[in-house]
Novice: 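Here it is: the structure, laid out below.
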Amino acid sequence: MKPDIIGESTWLPALELYGEGVFFSLDEDLLSRWESHPTLGERSNDFQRRFVATGLRFDPEITVTPRFLLLHTLAHLLIRQLETEAGYPAASLKERIYCTAGKLPMSGILVYVAVPDVVGSLGGLAELATPERFLLLLSSVFDHAEWCSLDPVCSEHGGQGPSLLNRAACHACALIPEPSCAYGNVLLDRTFIKGDATTGMPAFLNYLD
Ligand SMILES: [Zn+2]
Ligand SMILES: [Zn+2]
């Protein structure tokens with residue numbers, strides 16, 4: 001077949017991928033009560049300033065908010081947990097964050113595998129999506145948000161990683177292989193999940209009824 005340089009052909013090349021995933025979203029009421037705490041905005045504004053200064057762009061574009069930092073860090077901790085519990089190599093798992101505020105708020109996380117070989121069709125992820133198993137998994141994720149083997153250094157960091165765009169997040173706790181992350185392993189901070197007594201940031205789990 002001749003190369004179609006002028007774009008005349010009526011077909012596109014395609015690749016068959018095998019995949020499965022876990023999607024979940026957070027309760028909007030709970031999130032908005034959590035978001036209204038003033039200390040969260042201060043910390044995320046600091047992230048947003050640094051992010052704008054780097055000139056980094058993602059597609060779709062993002063605004064760094066407490067909601068985004070919470071979802072993104074949760075997604076990373078979940079991928080790390082799935083690596084140990086479902087046996088997937090972390091590099092085969094990918095994240096997608098659904099985050100908007102305003103009239104049509106979204107707060108979802110999709111962790112999926114989509115690869116051209118059988119690693120995508122083992123069924124392990126779908127199996128873990130049943131409520132009994134997923135809640136156990138999520139509970140370990142929240143436990144792991146609490147600590148890092150490099151604490152207290154990791155938790156107290158004013159800025160680490162590329163362009164100092166991570167705070168309480170390092171290779172020992174929240175980073176994942178580069179191909180898995182949609183945002184270059186930046187904009188991560190466990191403090192948005194676990195809270196921080198010295199700055200008065202609330203723990204997300206405290207908002208559960
Ligand atoms: Zn760490
Ligand atoms: Zn990521």
Side-chain angles (χ1 to χ4, degrees), residues 19-26 31 43-44 46-48 50-52 54-86 88-100 106-115 125 137-138 140-199 201 203-205:
E20 57 178 313
V22 182
F23 173 84
F24 71 101
S25 63
L26 300 179
L31 255 184
R43 193 166 170 115
S44 82
D46 196 42
F47 267 100
Q48 171 72 3
R50 284 185 209 180
F51 177 59
V52 170
T54 61
L56 267 177
R57 283 285 170 87
F58 295 114
D59 186 25
E61 270 191 37
I62 54 158
T63 309
V64 187
T65 55
R67 179 184 292 238
F68 179 83
L69 290 158
L70 172 86
L71 291 171
H72 191 208
T73 313
L74 265 182
H76 277 225
L77 295 173
L78 181 63
I79 286 176
R80 290 174 68 106
Q81 200 64 29
L82 283 168
E83 188 183 15
T84 43
E85 301 214 5
Y88 282 97
S92 70
L93 296 165
K94 290 191 169 49
E95 69 181 349
R96 182 159 290 190
I97 310 291
Y98 301 85
C99 175
T100 53
M106 289 196 292
S107 57
I109 295 174
L110 171 69
V111 173
Y112 66 100
V113 45
V115 286
L125 268 186
L137 192 74
L138 208 53
S140 318
V141 163
F142 279 105
D143 283 348
H144 283 162
E146 295 286 329
W147 57 268
C148 165
S149 52
L150 296 180
D151 273 344
V153 177
C154 177
S155 277
E156 290 170 0
H157 236 295
Q160 54 181 330
S163 306
L164 307 183
L165 283 175
N166 290 327
R167 288 193 70 172
C170 69
H171 282 286
C173 60
L175 269 55
I176 56 176
E178 210 67 39
S180 304
C181 179
Y183 305 98
N185 259 328
V186 296
L187 305 173
L188 299 160
D189 187 356
R190 288 181 294 114
T191 314
F192 282 90
I193 304 171
K194 71 184 177 75
D196 176 32
T198 49
T199 55
M201 274 177 71
F204 183 69
L205 283 188

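Values below: all heavy atoms of this structure, side chains included; hydrogens, waters and symmetry mates excluded. One-based numbering, in listed order, for ligands and for the atoms of each.
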Novice: My understanding is that only one of His157, Arg167, Arg43 makes a side chain to side chain donor-acceptor pair (under 3.5 Å) with Thr191; could you say which?
Specialist: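 Single pass found, and it is Arg43.
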Novice: Kindly compute the distance separating CG (Leu77) from CG (Leu188), expressed to the nearest 0.5 Å.
Specialist: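 These two atoms lie 8.5 Å from each other.
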Novice: Short question: side chain of Arg190, backbone of Ala169 - any donor-acceptor pair under 3.5 Å?
Specialist: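 Answer holds: no.
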Novice: Compute the angle centred on the Zn ion (ligand 1) spanning SG of Cys154 and SG of Cys173, and express it rounded to 10 degrees.
Specialist: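 Between SG of Cys154 and SG of Cys173, at the Zn ion (ligand 1), the angle is about 110°.
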Novice: Give me the one residue out of Ile62, Val186, Asp46 that meets side chain to side chain contact (heavy atoms under 4.5 Å, CB included) with Phe51.
Specialist: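 Result: among Ile62, Val186, Asp46, Ile62 is the only option passing the side chain to side chain contact (heavy atoms under 4.5 Å, CB included) with Phe51.
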Novice: Angle at the Zn ion (ligand 2): provide the value between NE2 of His72 and NE2 of His76, rounding to 10 degrees.
Specialist: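 It rounds to 100°.
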Novice: If you have a sec, read the angle at the Zn ion (ligand 2) from Glu95 atom OE2 over to Cys181 atom SG, to 10 degrees.
Specialist: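 Vertex at the Zn ion (ligand 2): approximately 100°.
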Novice: Tell me, do Phe204 and Leu74 make a side-chain contact under 4.5 Å, heavy atoms counted?
Specialist: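 Heavy-atom side-chain distance check fails, nothing below 4.5 Å.
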Novice: Is the distance from the Zn ion (ligand 1) to the nearest N/O/S atom of His171 under 2.8 Å?
Specialist: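 No, outside the cut-off.
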Novice: To 10 degrees, how wide is the angle SG (Cys170) to the Zn ion (ligand 1) to SG (Cys148)?
Specialist: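 Value, to the nearest 10 degrees: 100°.
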